[in-house]
Colleague: 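Before we start, here is the structure in question, set down as structure tokens.
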2 protein chains.
Amino acid sequence: MSLEDPEDKGENKSRRAMPARGTEKAGTGAKPTLKTIAELTGLAVTTVSRALADAPQIALETRLRVRQVAEEIGYLPDRAAQRLRTGRTNVISLVLDPHEEILGYATSMINGLTEALRGTAYHLVITPHFLNTPQIDPVRHIMRNRMADGIIFTRTEPSDERVKLLMENNFPFICHGRTELATAHPFVDYDNYGFAYQAARKLIAAGAKKLSIILPPDRFTFAHHMRHGFMTAVREEGVGFEIATGVTLDSKSDDIRDYVYKRMGEPERPDGYICGGEVSALAVMASAYDRGLELGSDVHLVAKQTSGLFDQIRPRVETIYEDLTEAGLLMGRLLLKHIAGRAPVAELQALQTV
Amino acid sequence: MSLEDPEDKGENKSRRAMPARGTEKAGTGAKPTLKTIAELTGLAVTTVSRALADAPQIALETRLRVRQVAEEIGYLPDRAAQRLRTGRTNVISLVLDPHEEILGYATSMINGLTEALRGTAYHLVITPHFLNTPQIDPVRHIMRNRMADGIIFTRTEPSDERVKLLMENNFPFICHGRTELATAHPFVDYDNYGFAYQAARKLIAAGAKKLSIILPPDRFTFAHHMRHGFMTAVREEGVGFEIATGVTLDSKSDDIRDYVYKRMGEPERPDGYICGGEVSALAVMASAYDRGLELGSDVHLVAKQTSGLFDQIRPRVETIYEDLTEAGLLMGRLLLKHIAGRAPVAELQALQTV
DNA sequence: ACCCGCATTTATATCGTTATAAATCCCGAT
DNA sequence: ATCGGGATTTATAACGATATAAATGCGGGT
């Protein structure tokens with residue numbers, strides 16, 4: 001195609017992209033629009049539009065004919081035009097905390113979201129931080145400028161400002177994790193209480209005498225859930241415990257390792273660790289290894305698993321699975337339901353069990 | 001904001017989204033457009049548009065005034081309108097092979113891309129597979145329907161159809177990996193030849209007598225590069241070698257482990273493994289562990305590292321780093337350059353060294 | 001005063017779609 | 001024959017931005 005008119009130099013100026021739009025040849029070159037179909041069928045543009053929308057006021061025969069022609073010429077509606085006219089964007093924004101425990105977390109969720117959106121008119125746009133305005137809340141930005149029809153975000157806080165803002169403005173959203181606000185809102189969450197509770201019991205069953213848990217940063221709701229589940233279990237069993245101080249699941253993995261390594265050398269050291277993430281679990285394993293402690297006898301470990309990673313880790317580690325792909329799938333479906341029409345909030349909430 | 005009129009219940013009916021658009025109060029409610037600015041400044045819409053575009057024909061004073069007002073009222077151009085009018089989408093599509101070795105690979109790259117696009121008008125859209133048309137080439141779809149201004153894809157093949165198609169149509173793109181086509185095209189690649197070569201030499205230096213390499217599927221160009229680097233090294237050194245058969249880096253990790261485990265029990269087993277990915281390296285480690293072989297003496301391993309994962313893996317493994325975040329950053333920048341205007345192809349190519 | 005040219009601003013048309021209101025057509029009832 | 005009314009189709013305007021061409025204002029040369 002670019003070899004067609006090697007002599008025509010004057011036109012090269014508008015080389016921006018694609019064959020110039022003026023091509024008269026109505027063949028297959030130009031992108032088909034409603035107008036194209038209108039001309040082919042002898043109908044008006046409006047009629048074609050409504051026919052494709054399957055409006056009952058358009059004769060069935062006409063609808064079928066239009067649809068057939070549209071199919072034949074490979075018509076696809078121009079999203080920009082639709083968006084401009086209707087105000088709907090057909091976009092779902094996934095807002096990712098830049099400090100995300102990125103490995104696996106986001107990816108699994110994206111896979112699920114993708115699956116939920118497949119076959120719909122919706123696109124997924126990843127919005128990690130924002131443009132050149134470093135600290136302006138991306139959620140506010142998306143909402144105010146209608147960059148999306150719905151927002152998804154993660155790492156919810158007990159009194160999350162994003163939730164408040166979106167609720168106030170009745171803007172469709174769903175978050176991963178819960179708040180502690182009085183008014184109900186859509187969410188998908190994992191039973192982190194159950195996770196920590198079960199993890200503690202597993203450690204105790206394995207013979208651990210003093211448990212330690214590495215928690216997420218305290219500002220996140222799920223940190224509270226985990227702490228609560230952990231505390232409940234250790235109190236029920238009357239076993240020794242501590243909560244890692246100075247490091248969280250968000251800490252650099254080297255820092256976590258350093259902390260655990262140091263702790264493993266001190267008196268009254270814990271012999272049972274609970275890790276809410278894969279990286280921190282590996283850090284605990286590395287610490288034990290570097291201390292010459294044997295996993296499964298000297299030290300015990302229960303980790304949260306969100307990928308297949310631990311299937312290849314030796315020695316084998318006890319894990320509890322959180323299915324983030326499923327979470328993404330759920331969030332996608334619930335958000336679409338939310339956008340589509342009114343659904344009772346209760347229907348837009350899901351709690352994944354351990 | 002929602003506390004302002006707590007009594008106004010009647011309005012709740014139009015609950016769909018946001019305050020109804022009819023709000024006459026010109027305050028902060030309605031989304032500002034060029035028209036808003038035009039009214040505020042007493043200028044024509046056209047003038048405002050050009051002023052914001054910093055057109056030299058508009059008086060400097062006017063430009064400043066317009067910009068100031070725009071800033072004050074928080075004006076942001078409507079992307080749909082811009083897109084409809086100019087044909088530019090301000091979108092970059094990252095097309096992801098659904099069989100992607102997703103863990104870390106895509107995520108790192110996305111981080112880099114995000115960084116490259118930050119502060120520009122471009123959005124990143126992830127396109128994993130497509131809509132309800134399972135097997136229609138997503139690249140063709142994006143190009144034909146102008147869903148993006150540029151395309152990024154990975155896992156390039158020697159005679160890649162996507163590259164051909166996009167080149168024929170002069171559509172901006174950049175791919176991760178190279179082809180073996182005669183005509184040059186933009187790409188970012190990692191020196192996988194160098195990786196395999198260096199890895200082999202490291203193993204030999206460590207005392208390995210028979211090397212084995214697990215390669216990517218043969219259809220990808222970088223599989224050839226790796227094989228070539230590997231072969232060069234083993235021939236130079238005259239050491240024993242083999243190439244893993246029946247499994248590739250894309251195989252399920254359990255299958256890789258089973259294969260290696262089996263091989264480790266056979267006569268003339270390799271004692272030095274090269275893995276082009278983290279998961280496969282873990283599988284090799286697990287196999288050795290399950291066989292009771294000690295890493296670093298009985299068996300040696302050199303792995304490609306694309307994340308911080310291996311910093312926490314014990315025993316420590318020799319790795320060679322491929323910076324996929326940097327690759328994403330490069331790809332983003334080069335693609336923007338490509339889109340912006342003409343840049344010699346040579347300037348749109350980058351090879352990351354080992 | 002007049003006209004010219006330069007700097008600056010403005011009017012108009014358009015991108016592709018859809019909401020609204022108006023216009024046809026056909027048929028049976030008067 | 002005329003009219004009303006349901007079924008179907010169409011014309012017009014608008015979403016918000018920008019490309020193009022036209023218009024305005026102003027100072028200087030004659």
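Within every chain, numbering begins at 1; the chains are lettered A, B, ... in the order of the sequence lines, protein sequences first and strands thereafter. Computed from a prediction, not measured in an experiment: that's the story for all the values here.
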Colleague: From CZ of Arg88(A) over to P of dG16(D), roughly how many Å is that when rounded to an integer?
Modeller: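 Checked: the CZ to P distance equals 15 Å.
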Colleague: Does a side-chain N-to-carboxylate-O contact under 4.0 Å join Arg67(A) and Asp54(A)?
Modeller: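 Here Arg67(A) pairs with Asp54(A) in a salt bridge, since their nearest N and O are under 4.0 Å apart.
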Colleague: In B/S/- notation, 5' to 3', how is nucleotides 5-11 of chain D contacted by protein heavy atoms closer than 4.0 Å?
Modeller: ---SBBB
Colleague: What is the minimum heavy-atom distance between Lys35(B) and Val45(B), and which atoms define it?
Modeller: CA-CG2, 4.1 Å
Colleague: What is the separation between atom CG on Leu84(B) and atom P on dA13(C), rounded to the nearest whole Å?
Modeller: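 Interatomic distance, CG of Leu84(B) to P of dA13(C): 18 Å.
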Colleague: Given dG16(C), dT18(C), dA17(D), identify the nucleotide with an atom nearest to the side chain of Asp78(B).
Modeller: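 From the listed options, dA17(D) comes nearest.
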Colleague: Establish, from distance only, whether the side-chain atoms of Thr89(B) and Asp149(B) form a donor-acceptor pair under 3.5 Å.
Modeller: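 The criterion, which ignores hydrogens and geometry beyond distance, is satisfied for Asp149(B) and Thr89(B).
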Colleague: For the helix from dA1(C)-dT30(D) to dT30(C)-dA1(D), figure out the bend between the end axes, five pairs an end, and round to 10 degrees.
Modeller: 80°
Colleague: Over all strands shown, is Ser49(A) touching base, sugar-phosphate only, or nothing at heavy-atom distances under 4.0 angstrom?
Modeller: base
Colleague: What is the distance, to the nearest angstrom, from the CD atom on Glu61(A) to the C1' atom on dC26(C)?
Modeller: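 Computing the Glu61(A):CD to dC26(C):C1' distance gives 15 Å.
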Colleague: Using only atom types and a distance under 3.5 Å, with no angle test, would you say the side chain of Ser93(A) pairs donor to acceptor with the backbone of Val95(A)?
Modeller: no
Colleague: I need the CZ-C1' distance between Arg79(A) and dC15(D), as an integer number of Å.
Modeller: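 Value for this atom pair: 18 Å.
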Colleague: Using atom CZ of Arg146(A) as one end and atom C1' of dG16(D) as the other, report the distance to the nearest whole Å.
Modeller: 14 Å
Colleague: Are the side chains of Phe187(B) and Thr156(B) in contact, using a 4.5 Å heavy-atom criterion?
Modeller: no
Colleague: Determine yes or no for a side-chain-to-main-chain donor-acceptor pair under 3.5 angstrom, with Arg144(A) supplying the side chain and Ile142(A) the backbone.
Modeller: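 No, because the side chain of Arg144(A) does not come within donor-acceptor range (under 3.5 Å) of the backbone of Ile142(A).
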Colleague: So, for Thr154(A) and Met109(A), which heavy atoms are closest and what is the spacing to 0.1 Å?
Modeller: CG2-SD, 3.8 Å
Colleague: In whole angstrom, what separates Lys35(B)'s NZ from dA11(C)'s P?
Modeller: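 Computing the Lys35(B):NZ to dA11(C):P distance gives 14 Å.
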Colleague: Whole angstrom is fine here: how far is it from CZ in Arg85(B) over to P in dT12(C)?
Modeller: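 Roughly 16 Å, once rounded to whole Å.
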Colleague: When the distance from CG of Leu34(B) to P of dG16(D) is rounded to whole Å, what number comes out?
Modeller: 10 Å
Colleague: Please verify the inter-ring angle class for His338(B) with Phe173(B); under 30° counts as parallel, over 60° as perpendicular, anything in between as tilted.
Modeller: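 Tilted: the ring planes of His338(B) and Phe173(B) meet at 30° to 60°.
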Colleague: Does either side chain, that of Arg88(A) or that of Gln82(A), offer a donor lying less than 3.5 Å from an acceptor on the other one?
Modeller: no
